[in-house]
Amino acid sequence: RGVEKNVGKEIKKRGYKKVLIHYGGGSIKKAGIFDTVIKSLNDEGISWVELGGVEPNPKIGLIREGIKLCQNENVDFILAVGGGSVIDSAKSIGLGLAHNRDPWDMIINRIAPEKSFPVGVVLTLAAAGSEMSNSHVVTNPEGKLKRSLNHDLLRPVFAFMNPELTYTVSKFQTGCGIVDIMMHTLERYFTKDQDTDLIDRISEGLLVAVKEAGKVAIKEPDNYEARATLMWASSLSHNGLTGTGKNAFFPVHKMEHEVSGMFDHVAHGAGLSVLFPAWAKYVYKYHIDKFCRFAVNVWNVEMNFEHPEYTALEGIHRMEEYFKSIDMPVTFKELGIGEDSFEEMADKCTNGGKDPLKSYIDLGKEEIIEIFKMAVGN
Ligand code: NZQ
Ligand code: ZN
């Protein structure tokens, strides 16, 4: 509680002198968080400039503007105050500054960072996990491409996390966050790797905690315990812990990035809640034991030893019902997306069919279109 008041002290301790405060569409000003942060910086004699306007699914245009601003103002530290989009935008500005190079060029050509520019976070939304992740995701409206670049040098140097700052998050964004947090663990849980029992149990514990806290946070937005569970889970789900000893390929995320890249109105979590059940129904038969374990340990399904596929499918069904219960979409129809876009999204997702997505089986264009079709809705 109240930890954001110390952000100025932390930055001073680290020796930085000029800060870019980076934020989104104004929720932090409305909630008074901006005032708290500037007071904390002013109290320590740290100068600052601001750049707001980060949109959900952050765009490369504002990132380029941010790089110029930081160069002109001799900024030596970026403070992201917001959710995943703001943090990712800040990471990208830092990437450009550290390498004196256009970050989109680095993302699209998969150029590994060699240096880092310090980014700190005051988190206002429990969802993407960017506050501790090595990842960042940027959208280029030219070509409607949404792409990520991952590297340890992209992890923020600190994250200040006060669950109270998330009390004002809308029901819809809270739902998107719940789905995304679960998904970051599930993409690591459902892999072919063996001998990972401890990590699988940690993952199941996280999923059960998020499921329960999610229900409470949706009903009682100012429930500290529920918001704190979601906030801590946001970080633990995507900082690498639940992927220890695993090779995770994130197929559902890769499909979703095409959806929200092409359709800017789609929030990342809403795209995931549509795609995960369809992907799971398509691949469960390749790892039936794991899908049964998930059904039993996370969704309290009774094991049917005679017909394990019933157990596996019931687990997926209960997850889908849970998404519906927190008002998240589970069909493309609810997102306002028709079948006419499936071919293009599948094409982009597989680099024109050349690079199938890795999953239990390779997912080429045809398989991805099949998965999309399973999520059409009536
Ligand atoms: O822009 P403002 O006005 O701040 O409003 C935001 C925005 O409209 C609002 N919000 C944030 N904190 C609030 C608040 N509203 C009221 N009270 C508060 N305290 O929430 C809306 C959504 O914000 P956004 O940052 O877009 O959401 P999220 O944190 O879910 O981030 C989504 C982005 O992160 C990417 C996604 O693809 C998407 O672009 N991801 C980033 C990852 C990473 N870097 O590791 C991993 C994820 O898988 C994900 O792909
Ligand atoms: Zn995600």
Side-chain angles (χ1 to χ4, degrees), residues 4 22-34 36 52-60 62-63 80-92 95 107 119 121-140 145-152 154-156 159 161-188 217 221-222 227 230-231 234-235 237-240 243 248 250-261 264-273 275-276:
E4 66 281 6
H22 200 35
Y23 59 93
S27 70
I28 68 155
K29 290 204 166 165
K30 212 163 134 196
I33 304 166
F34 184 79
T36 308
V54 179
E55 296 172 84
N57 305 326
K59 312 294 180 295
I60 189 66
L62 191 76
I63 291 165
V81 187
S85 295
V86 172
I87 304 169
D88 286 2
S89 185
K91 287 179 175 182
S92 211
L95 183 69
I107 294 171
V119 173
V121 173
V122 174
L123 189 64
T124 67
L125 174 54
S130 186
E131 68 279 4
M132 276 201 205
S133 82
N134 65 354
S135 177
H136 83 310
V137 194
V138 172
T139 295
N140 190 341
L145 285 177
K146 187 174 184 186
R147 290 290 177 268
S148 62
L149 186 69
N150 300 358
H151 197 280
D152 278 335
L154 288 167
R155 290 187 203 271
M161 295 161 58
N162 173 2
E164 293 169 317
L165 300 190
T166 64
Y167 289 175
T168 51
V169 175
S170 68
K171 192 173 162 186
F172 174 67
Q173 286 297 340
T174 301
C176 288
I178 294 164
V179 173
D180 198 20
I181 295 167
M182 290 181 134
M183 239 9 75
H184 293 153
T185 285
L186 287 174
E187 296 259 41
R188 292 166 165 103
D222 56 356
R227 291 293 194 182
L230 294 181
M231 191 173 241
S234 155
S235 301
S237 196
H238 206 28
N239 68 358
F250 283 73
V252 184
H253 267 71
K254 292 199 171 124
M255 290 188 278
E256 195 295 311
H257 286 162
E258 298 310 334
V259 177
S260 52
D264 197 38
H265 70 276
V266 175
H268 174 60
L272 293 172
S273 62
L275 288 169
F276 176 79

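Start at 1 and go down the list; that is how both ligands and their atoms are numbered. If you read the sequence from its start, that first residue is 1, and numbering goes on from there.
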| Would H238 count as a contact for the Zn ion (ligand 2), in the sense that one of its N, O or S atoms lies under 2.8 Å from it? | no
| Residue D180 atom name (nearest to the Zn ion (ligand 2); N/O/S) | OD1
| At the Zn ion (ligand 2), what is the angle formed between atom NE2 of H253 and atom NE2 of H184, rounded to the nearest 10°? | 90°
| message | Keeping H268 on the side-chain end and H257 on the backbone end, is there a donor-acceptor pair under 3.5 Å? | response | no
| query | Is the backbone N or O of R227 less than 3.5 Å from a side-chain atom of T166, with the two atoms forming a donor-acceptor pair by type? | reply | no
| For the residue pair H184 and H253, does the interplanar ring angle fall in the parallel (under 30°), tilted (30 to 60°) or perpendicular (over 60°) class? | tilted
| task | Taking E187 for its side chain and V252 for its backbone only, find out whether a donor-acceptor pair lies under 3.5 Å. | result | yes
| For the side chain of K91 and the backbone of S135, is there at least one donor-acceptor N/O pair under 3.5 Å apart? | yes
| query | Can R147 and E258 be counted as an ion pair, charged N to O under 4.0 angstrom? | reply | yes
| Just checking, is any N or O donor in the side chain of S130 or D88 under 3.5 Å from an acceptor N or O on the other one? | yes
| said: If the criterion is any heavy atom closer than 4.0 Å to an atom of ligand 1, which residues make the list? | reply: G24, G25, G26, S27, P56, N57, P58, G83, G84, S85, D88, T124, L125, A127, A128, S130, S133, S135, H136, V137, K146, L165, T168, V169, Q173, D180, H184, H238, H253, H257, H268
